[in-house]
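Letters A, B, ... are given to chains in the order of the sequence lines, protein chains preceding strands, and every chain is numbered from 1.
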Amino acid sequence: MKQFANLFMQLDQTNKTNTKVAALVDYFDKAPDEEKVWAIAIMSHRRPKRPVSTRDLREWCQEETGLPEWLFDETYHVVGDLAETIAKLLPKVENTEDRGLLYWVNFLIELRGKPQEEKKKQILGAWKELETFERFVFNKLITGGFRMGVSQKLMTRALSQHLEKDPAEMAHRLMGNWDPATVTFYDLLLDDSVEADTSKPYPFFLAYQLEDGPESLGSPHDWFAEYKWDGIRGQLIFRNGEVFLWSRGEELVTDQYPELKAVAELLPEGTVLDGEVLVYKDGQIQGFSLLQKRIGRKTVGAKMLKDAPVVLRCYDVLEWEGKDLRQETQEFRREILETLFAGLPDNNLLQLSELINFKSWEELTALREDARSQYSEGLMLKAKKGTYGVGRKKGDWWKWKVDALTVDAVMIYAMRGHGRRANLYTDYTFAVWDGDTLVPFTKAYSGLTDEEFNKVDSFVKRNTLERFGPVRSVKPELVFEIAFEGIQKSTRHKSGIALRFPRMKRWRKDKPPNEANTLEDLQDLLKLYG
Amino acid sequence: MSLLTFNKNGIYCKQADVYIDPWKPVKRALVTHAHSDHARSGHQKYLAHKRSETVLRLRLGVDINLETVEFGEVKTINGVKFSFHPAGHIPGSAQIRAEYKGEIWVVSGDYKVQEDGISTPFEPIACQHFITESTFGLPIYKWEQQPVVINEINQWWQSCKEKGKVAVIGAYSLGKAQRIINHVDQGIGRIFTHGAVENTNQALREGGMEIAPTTYVSDEFSKKDFAGNLVVCPPGALGSAWMKRLGPAETAFGSGWMALRGARRRRAADRGFVLSDHADWDGLNTAVLGTCAENIYVTHGYQTAYTRWLIEEYGLNAVAVKTLYEGEGAEEQEGKEVKKP
């Protein structure tokens with residue numbers, strides 16, 4: 001474990017991309033192949049199935065340390081990470097024996113089938129054997145949430161250096177379904193002879209936000225424009241008579257949207273489409289809240305299928321007649337996509353994301369301002385001569401979102417954050433006025449600079465009114481401008497509304513709390529945009 | 001009425017009409033140590049330990065009306081017997097004991113139980129009422145012995161040297177800076193200091209303290225002079241414009257907060273060393289139990305949790321008290337501006 005723990009520690013100690021890549025390459029150069037597969041899996045959020053619950057871990061740690069539950073919880077709230085809390089509360093040990101990552105991964109896999117008493121005995125044994133940082137990494141293997149600061153991009157860079165291969169190929173090979181328990185390092189990254197996995201998706205191409213207007217992009221004739229649809233990104237694969245739908249988070253979600261399996265009747269063999277999964281009903285796109293009800297559900301009942309039927313609104317074709325089109329131009333791919341749709345029979349599963357006709361940037365700017373009326377969140381701009389890239393890359397795809405909606409709200413509760421914000425009050429609840437009471441309506445965690453967070457943290461500590469476990473109520477004094485992408489009715493919230501992507505746009509130091517917005521203002525926004 | 005009470009100005013002794021570590025200007029202040037949240041300016045008279053004198057005059061002005069005492073020396077004010085006892089926090093830091101008609105209080109200010117090689121080691125003082133900080137009052141905080149941490153710093157410095165970089169470590173200029181300066185391996189290279197640290201070094205040397213040789217980062221040095229050497233600066237100077245003169249650098253930060261991974265990642269320093277001048281969890285418990293006091297007043301830190309722990313675990317009569325002391329947090333802000341020595 002020392003080798004992998006050491007890699008983790010090195011990655012943790014730096015913010016510099018080059019240093020991280022160097023640490024990864026060094027690890028890949030030295031570690032045995034069987035271990036590397038697991039290391040890659042763990043860094044791309046694949047890990048052995050959890051053999052024990054986090055509740056078990058907490059209980060066992062409390063028993064071992066003799067700490068009361070409340071103090072364990074208090075400590076956990078401060079640390080903001082269960083694996084770290086446990087690793088550090090347990091007594092220190094000196095570990096001279098070093099078993100590798102592979103040993104511990106197999107240890108956890110074999111633990112799954114064992115009776116509870118045996119599990120406990122073995123986990124306690126492991127804790128007594130591992131040094132604090134190794135123990136932390138071991139706990140992370142169980143709890144997940146390895147935030148090692150290694151993006152897919154970094155890992156593909158490191159692997160391409162290690163193996164002297166093209167990074168785009170590495171990225172593609174790491175996509176999709178592969179099981180670190182069965183695949184070898186060679187098969188995963190090097191072998192060209194094995195039959196390609198028919199479900200394997202292409203890496204998604206992601207757009208950058210266009211900060212200033214589109215004028216800097218050159219001539220409008222070189223660009224396609226479409227509405228930016230507010231659903232979930234999906235890659236639909238039809239190969240060997242089978243349909244697969246992948247989400248952007250690289251999850252296979254075919255079973256969550258079973259209606260889309262019927263596209264097998266519509267598409268020619270060897271087709272991969274890129275688009276947006278949207279709820280479409282009564283001839284129009286429905287709000288994101290309806291789609292949200294389906295996200296994360298393993299099984300979908302008949303009622304759900306009727307209440308929230310989905311379509312894939314397609315904007316790109318990545319594979320056609322079994323051929324990878326990603327190196328072709330956007331124009332070329334668009335033509336194939338349109339030809340495909342022209343030939344499709346009437347159906348309620350696939351839709352074409354239409355191009356917007358425009359002659360000048362001014363014209364497009366005006367259309368963008370009206371984008372909400374099209375149930376979209378702005379525009380997408382795509383270079384006609386551009387290819388389909390890997391990951392987030394500047395240049396060919398731009399998202400140009402409509403300006404966010406905003407309200408001014410008063411902070412009334414604060415909670416400590418997690419990860420790098422542990423022990424710092426960074427998670428806030430905001431309220432608006434309803435008469436002379438403040439009604440909480442949203443939480444927000446992001447948007448402030450580190451320095452601002454430090455200041456608010458110190459305000460929270462000095463202006464606490466009451467404590468409820470990890471939450472503090474504070475003097476209603478600070479006003480923030482809250483920006484958000486959408487507003488919906490909600491029965492779960494006291495205020496009756498729910499926001500989409502709320503964040504702090506600005507600390508309104510110029511505004512006293514009594515000048516914050518009211519619940520009525522929010523209800524007006526709901527009428528307009530809900 | 002108790003011998004000591006907490007009011008809006010600080011910790012007050014009515015019988016003697018003096019304050020201990022007051023945060024508002026008062027007639028007479030007894031000061032546990034020279035850190036800015038305990039020793040503030042504007043008091044008419046000061047009483048402190050002898051070793052604090054030069055630093056207090058540096059920070060509050062040469063002309064402050066200051067009287068000093070030795071450890072254990074009794075100073076009687078209107079019948080109240082005051083004495084100063086080692087707190088082990090920084091050079092000259094003291095716990096202040098107050099006794100009147102059999103009632104004994106100890107104000108510990110900031111303290112640590114671990115020996116640091118530069119401060120007079122902490123001594124438990126028997127009392128009935130003990131005022132304790134709780135900066136690191138959770139069981140997650142457990143310090144390594146100083147040589148272990150110093151060894152980590154040496155290794156890091158050595159690796160910077162091998163890369164031809166300057167090793168820049170942020171540490172509070174009074175206390176932690178000298179702890180590092182006096183214990184790192186001078187065989188690796190030369191130790192440079194930021195103005196705030198050098199000022200403090202000079203004041204401490206004037207007061208009779210032995211501090212390893214240091215060189216102020218002045219304009220006469222260029223980037224190549226710093227490569228391979230160690231620079232000790234206040235935490236606030238890390239990443240500031242001041243650092244540009246040092247050339248290619250790796251940065252580190254020494255603080256008890258570095259025990260948490262989240263805090264370490266938040267500070268964009270390359271390395272975080274867990275080095276604190278405050279008591280850790282075991283240290284706090286040892287200190288509190290060592291006084292045999294029944295009444296414990298818990299100030300700055302994880303007050304609520306630590307108070308509950310003392311009540312439930314040890315059956316003590318503990319209460320949380322609100323003060324304006326800041327513990328290790330205050331130190332992070334230090335060093336944003338540069339003064340020439």
Please round to the nearest 0.5 Å and tell me the distance separating atom NZ of B/Lys322 and atom OG1 of A/Thr464.
7.0 Å
How far does OG1 of B/Thr304 sit from CZ of A/Arg472, to the nearest 0.5 angstrom?
6.5 Å
Heavy-atom cut-off 4.5 Å, strictly under: side chain, backbone, both or neither for A/Arg467 against chain B?
side chain
Within 6.0 angstrom of A/Glu63 CD, more than 12 heavy atoms from elsewhere:
yes
Just by distance, do the side chain of A/Glu84 and the backbone of B/Arg261 share a donor-acceptor pair under 3.5 Å?
yes
Chain A contact via B/Lys142 - which portion, at a heavy-atom distance below 4.5 Å
both
Of all heavy-atom pairs linking A/Trp70 and B/Trp309, the shortest is CH2-N, 3.5 Å
Comparing A/Thr65, A/Thr19, A/Val78, A/Thr85 against chain B, the one with the most heavy-atom pairs below 4.5 Å turns out to be A/Val78
Cut-off 4.5 Å, heavy atoms of chain B, and the answer for A/Ile86 is neither
Contact origin within B/Glu313 toward chain A - heavy atom pairs under 4.5 Å
neither
Tell me if the CD atom of B/Glu115 is crowded by more than 12 foreign heavy atoms within 6.0 Å.
no
Turns out that what part of A/Leu71 lies under 4.5 Å from chain B's heavy atoms comes down to side chain
Less than 4.5 Å apart, any side-chain heavy atom of B/Glu144 and any of A/Lys92?
yes
If you count the non-hydrogen atoms of other residues, nucleotides and ligands that lie under 6.0 Å from NZ in A/Lys475, is the total more than 12?
no
Is there side-chain contact between A/Phe72 and B/Pro139, with heavy atoms separated by less than 4.5 Å?
no
Test salt bridge (charged side-chain N to carboxylate O under 4.0 Å, His left out) on B/Arg308 and A/Glu74; report intermediate values, then the result.
CA-CA 11 Å; B/Arg308 183 170 170 188; A/Glu74 183 71 29; over 6 Å; no
The reported gap from CG in B/Leu260 to CG in A/Leu424 (rounded to nearest 0.5 angstrom) is 11.0 Å
Quick one: pull up OG1 in A/Thr75 and CD1 in B/Ile140 and give me the separation to the nearest 0.5 Å.
6.5 Å
